[in-house]
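Written out below as structure tokens is the structure these notes cover.
A quick note: this is a predicted structure, and the numbers were derived from the prediction, not measured.
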Amino acid sequence: ACVLSTSDTRKVPVLFQLAGAVPRTPLELITNADVVTKAVLVLLALLSLISWAIMLAKWREFRAVERGTAEFVREVELAERLEDAAALARRARPSPYSRVVLRAAEYLHGLRTSQASTPEGARPRLNAAQVEALRLVLDAEAETARDAFGRYIPVLAMIASASPLIGLLGTVLGIIDSFVGIAAEGSGSIGAVAPGVATALTATAAALVVAIPSVFGYNIFANRLNRLTSRVDGFGSEVIGLMAREGRP
């Protein structure tokens, strides 16, 4: 029996190439790759799973908030008093829109308790400074919603930018290993060089497969996040307008 040393084991893919065992399928390219290229491919596979998991979770999250709040927003627009809108918000599914209404109601409740001269059950009137303070409170609620729904979206950008570099590193190291093995065997024909280069390039191809969906996912969900924040911001103005209609400011 013939026992291969460590240096001989590293040269096995090169020996196959020199013997004419040219990889013809993606699976053969991966199985004939060196240890560094395989490690890079495993890392890229993990990054791909992470990116797709984030995109699926964000799709479900945005879909739920967009589908479940359209009717609630219409009901709030038809409400005559803020107390009616708050009652709707307590019955509705938790969302940034319902939290804006509840936050406005809490603000007015705190204002009513702080104004000792206001009769029980009376509606406290807001001056310009208090309306501006309420505006800031609702803006803070919109920013809270942005932070909550924007969680993990930057990870997609990080994967999209880092994956090509990781793939390029795997390709460069694979080509170096291939050329060193070919130089040790003393053969420089195209038939000996091309399979090793093709095997090393699988890392770059895999990196692009990971990066391209991540780029699309990041841009799609970043735009949806901006749109959601703008809508919550505008809904806060609607709540202040509701208060104006009932004569609070």
Verify the distance criterion only: is there a donor paired with an acceptor across the side chains of T204 and T171 at less than 3.5 Å? yes
Going by heavy atoms in the side chains, are V65 and P96 under 4.5 Å from each other? yes
Would you say the side chain of R146 lies within less than 4.5 Å of the side chain of N226, judging by non-hydrogen atoms? yes
Heavy-atom distance under 4.5 Å between the side chains of V40 and L169, does that happen here? no
With rounding to the nearest 0.5 Å, note down the distance linking CG in L156 to CG in N219. 10.0 Å
Stepwise side-chain contact (heavy atoms from CB on, under 4.5 Å) test for V100 and V232: CA-CA 8 Å; V100 164; V232 174; 3.8 Å; yes
For A206 and L41, work out which heavy atoms get closest and say how close. CB-CD2, 3.6 Å
Under the side-chain contact (heavy atoms from CB on, under 4.5 Å) rule, what do E238 and V76 come out as? Steps first, then yes or no, please. CA-CA 9 Å; E238 289 285 340; V76 170; over 6 Å; no
Over all atoms of both residues, closest heavy-atom pair of V239 and A104: CG1-CB, 3.8 Å
Taking the side chain as every heavy atom from C-beta outward, state whether I153 and I54 have any pair of such atoms under 4.5 Å apart. no
Return the OG to CZ distance between S98 and R103, rounded to the nearest 0.5 Å. 13.5 Å
With hydrophobic residues grouped by side-chain heavy-atom distances under 4.5 Å, do L56 and F216 end up in a single group? no
Can you give me the closest heavy-atom contact between G236 and L138, atom names plus distance? O-CD1, 3.5 Å
With distance as the sole test, does S163 use its side chain to make a donor-acceptor pair with the main-chain N or O of I159 at under 3.5 Å? yes
In Å, rounded to the nearest 0.5 Å, how long is the span from OG of S161 to CD1 of I166? 9.0 Å
Output field: ring centroids F72/Y97 closer than 6.0 Å: no
Charged N to carboxylate O under 4.0 angstrom, E71 versus R74? no
Mind checking the OH-CG spacing from Y218 to L225? Nearest 0.5 Å is all I need. 9.5 Å
Under a 3.5 Å distance rule, please check whether K58 uses its side chain to pair with a backbone N or O of F149 as donor and acceptor. yes
Flag the pair R151 and D147 as a salt bridge only when some basic side-chain nitrogen lies within less than 4.0 angstrom of an acidic carboxylate oxygen. no
Angle between ring planes, F221 versus F62, binned at 30° and 60°: parallel, tilted or perpendicular? parallel
Shared ILVMFWY cluster between W59 and I50, side chains joined below 4.5 angstrom? yes
Run the numbers on V101 and L88 for side-chain contact (heavy atoms from CB on, under 4.5 Å), then give the verdict. CA-CA 9 Å; V101 175; L88 292 172; over 6 Å; no
Closest approach of T37 to A203 (non-hydrogen atoms, all atoms of both residues): CG2-CB, 4.3 Å
Rounded to the nearest 0.5 Å, how far apart are CG of D139 and CG of D233? 5.0 Å
Heavy-atom closest contact (R224 atom, R63 atom, distance): NH2-N, 4.0 Å
Distance-only polar pair, side chains of R99 and T144, donor-acceptor under 3.5 Å: no
Should we say atom CD of E106 is surrounded by more than 12 heavy atoms from elsewhere, each under 6.0 Å from it? yes
Are V210 and M158 joined in one hydrophobic group, where the rule is that I, L, V, M, F, W and Y side chains link up if heavy atoms are under 4.5 Å apart? yes
Apply the test side-chain contact (heavy atoms from CB on, under 4.5 Å) to residues L102 and R90: give CA-CA distance (whole Å), side-chain angles for both, the deciding distance (0.1 Å), then the verdict. CA-CA 8 Å; L102 294 176; R90 295 186 186 96; 3.7 Å; yes
